[in-house]
Amino acid sequence: EGFASDARVALNALKDQQSKSMAKSQQSTDAVELLVAEAEERATAVAVAKAEADVKRLVAAAEKKANAALTAANAEVERLSAHVGAEKNTADEMVVKAMEDLERRGGGGGEKENA
């Protein structure tokens, strides 16, 4: 009976040691998982910060291009407006000249309407 009792005590000690070892192993696993999760969070934060910086850079470049296009469009509008104004002035001068020619020839514009 002494042998069986000693064997039982040794077995219980082994089971206790195994439980403690498993608990330590689980703690180590939990610690590693926590470190991995923290590393993933940091990597995600770095990736997000990089993406935000890229977006800001792209937006700034797009705004710069849009402003350049707007400036060019405004210059073209000004150029076309000046051209239209010059054409209108030329047309007005031609109308005045034609009216003067008609008056010199004695053609009073309303005679044909009454006929």
Side-chain angles (χ1 to χ4, degrees):
E1 224 175 88
F3 176 75
S5 177
D6 289 346
R8 197 167 274 122
V9 168
L11 181 61
N12 286 338
L14 281 173
K15 285 183 180 179
D16 186 47
Q17 187 176 0
Q18 184 182 20
S19 288
K20 288 178 182 176
S21 178
M22 288 179 70
K24 285 183 180 180
S25 176
Q26 185 61 47
Q27 286 176 345
S28 295
T29 300
D30 291 347
V32 168
E33 287 176 353
L34 182 62
L35 289 173
V36 168
E38 288 175 357
E40 287 173 345
E41 285 178 20
R42 286 187 196 132
T44 300
V46 167
V48 167
K50 186 175 186 274
E52 287 174 347
D54 288 346
V55 167
K56 287 178 183 178
R57 182 182 51 78
L58 291 171
V59 167
E63 286 176 345
K64 186 176 179 181
K65 285 183 181 181
N67 286 336
L70 183 59
T71 299
N74 284 336
E76 183 66 6
V77 166
E78 289 295 322
R79 186 188 70 75
L80 291 172
S81 179
H83 180 71
V84 167
E87 291 292 326
K88 183 183 179 305
N89 289 341
T90 301
D92 288 347
E93 290 170 5
M94 291 173 74
V95 167
V96 167
K97 186 175 182 200
M99 296 290 282
E100 289 171 351
D101 285 349
L102 275 174
E103 285 181 17
R104 262 187 275 135
R105 291 182 186 167
E111 295 170 7
K112 289 187 179 178
E113 290 179 16
N114 292 334

Gap separating the CG atom of Asn67 from the CD atom of Glu63, nearest 0.5 angstrom: 7.0 Å
Expected output: side-chain Ser21 to main-chain Gln17 donor-acceptor under 3.5 Å: no
From CZ (Arg57) to NZ (Lys50), nearest 0.5 Å: 8.5 Å
Contact check, side chains of Gln18 and Leu14, non-hydrogen atoms, under 4.5 Å: no
Check: Asn12 main-chain N/O paired with Asp16 side-chain donor or acceptor under 3.5 Å: no
From Arg104 atom CZ to Met99 atom CE, the distance as rounded to the nearest 0.5 Å: 12.5 Å
Audit row: Thr90, Met94, side-chain contact (heavy atoms from CB on, under 4.5 Å) steps and yes/no: CA-CA 6 Å; Thr90 301; Met94 291 173 74; 4.2 Å; yes
N-O pairing of Arg79 and Glu76 below 4.0 Å: yes
Close side-chain approach of Val59 and Val55, heavy atoms under 4.5 Å: yes
salt_bridge(Asp101, Lys97) N-O dist < 4.0 Å: no
Point-to-point distance, once rounded to the nearest 0.5 Å, from CD of Glu38 to CZ of Arg42: 5.5 Å
